[in-house]
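Working notes, beginning with the structure itself.
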Amino acid sequence: MKKIILLRISAGLLLFHLIGHSFGNATWDESDDPLKQSVIRGMIDHKFYFMGTNRSMGEYYYGYGLITSILLIYTSLILLILSYHLNKNKEISLFLIWLSTAITISLSAVEFIYFFPFAGITTLLASICIFYAGIDSKIRKE
């Protein structure tokens, strides 16, 4: 039972992260700071030809944010589904737990390096919960 709760907590942490991320992605181009506003205008106003289309750096930045939102939703759903079906196929469940642990630890590292600590800590906590769900699964073999 402990592993099921841990997976649901990790899914909840990633959904919490999604809410903050989505708010940040929707408002990234709003600032009262004149210097920051100048950089934002430069990212939005100028388009470049790349891979068959013209896009601004701001569009790429916003698009990457949307991709991240979709992946956070996907990962949360996978963890929730896994928590409901954990005992049906133990081998694939354990594989998905270890894979999810590796992916969320990697995401956390990127967030610590390129973004900010709060995002990194949230994802790191989710990865710790997933990891301990895997440890609990190996020990109990329910």
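All heavy atoms count here, side chains included; hydrogens, waters and symmetry mates do not.
Looking only at distances, a side-chain donor or acceptor of T122 sits under 3.5 Å from a matching main-chain atom of F118. A distance-only check finds no donor-acceptor pair linking the side chain of S56 to the backbone of H46 [under 3.5 Å].
By the criterion of side-chain heavy atoms lying less than 4.5 angstrom apart, applied directly or through intervening Ile, Leu, Val, Met, Phe, Trp or Tyr residues, Y61 is grouped together with F50 in one hydrophobic cluster. A continuous path of Ile, Leu, Val, Met, Phe, Trp and Tyr side chains, each step under 4.5 Å between heavy atoms, connects Y132 with L94, placing both in one hydrophobic cluster. In the hydrophobic clustering of this structure, L72 does not group with Y74; members are Ile, Leu, Val, Met, Phe, Trp, Tyr whose side-chain heavy atoms approach within less than 4.5 Å, directly or through other members. Under a hydrophobic clustering in which Ile, Leu, Val, Met, Phe, Trp and Tyr are joined whenever their side-chain heavy atoms come within less than 4.5 Å, directly or via other members, L71 and L107 fall into different clusters. In the hydrophobic cluster analysis, where Ile, Leu, Val, Met, Phe, Trp and Tyr join through side-chain heavy atoms closer than 4.5 angstrom, L77 is grouped together with I103.
Going from atom CG of D29 over to atom CD1 of I44 covers 4.5 Å, rounded to the nearest 0.5 Å. Considering CD1 of I9 and CD1 of I5, their distance stands at 6.5 Å, rounded to 0.5 Å. Within the model, atoms CD1 of I40 and CG of D45 stand 11.0 Å from one another, a figure rounded to the nearest 0.5 Å. The distance from atom CD of Q37 to atom CG of D32, rounded to the nearest 0.5 Å, is 8.5 Å. With rounding to the nearest 0.5 angstrom, the OG atom of S83 is 10.0 Å from the CD1 atom of I97.
In this structure, N87 and K3 have side chains that are in contact, with non-hydrogen atoms separated by less than 4.5 Å. Contact check for S76 versus L18: no side-chain heavy atoms found under the 4.5 Å cut-off. At a threshold of 4.5 Å between non-hydrogen side-chain atoms, the residues S69 and H21 count as touching.
Closest of all the heavy-atom pairs between N25 and W28 is O-CD1, 3.0 Å. Here the closest non-hydrogen pair linking A119 and H17 is CB-CE1, 3.3 Å. For L80 against R8, the heavy-atom pair with the smallest separation is CD2-CG, 4.1 Å. Contact detail for E59 and N54: the closest heavy-atom pair is OE1-O, 4.2 Å.
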Under the criterion side-chain contact (heavy atoms from CB on, under 4.5 Å), I'd like the reasoning laid out for Y84 against I4: C-alpha separation, chi angles, the key distance, then a yes or no.
CA-CA 7 Å; Y84 284 102; I4 292 169; over 6 Å; no
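The 12-atom threshold is exceeded at CE of M43, counting heavy atoms of other residues, nucleotides or ligands nearer than 6.0 Å. K47 NZ: more than 12 foreign heavy atoms inside a 6.0 Å radius. Shown here is F112, whose CZ atom has more than 12 heavy atoms of other residues, nucleotides or ligands within 6.0 Å. Shown here is E91, whose CD atom has no more than 12 heavy atoms of other residues, nucleotides or ligands within 6.0 Å.
No option in I128, L125, L124, T123 other than T123 meets the side-chain contact (heavy atoms from CB on, under 4.5 Å) test with T104. Of the options S100, C129, S127, a side-chain contact (heavy atoms from CB on, under 4.5 Å) to S10 is made by C129 and by none of the others. A side-chain contact (heavy atoms from CB on, under 4.5 Å) with L79 holds for exactly one of L6, L7, L13, L15; it is L7.
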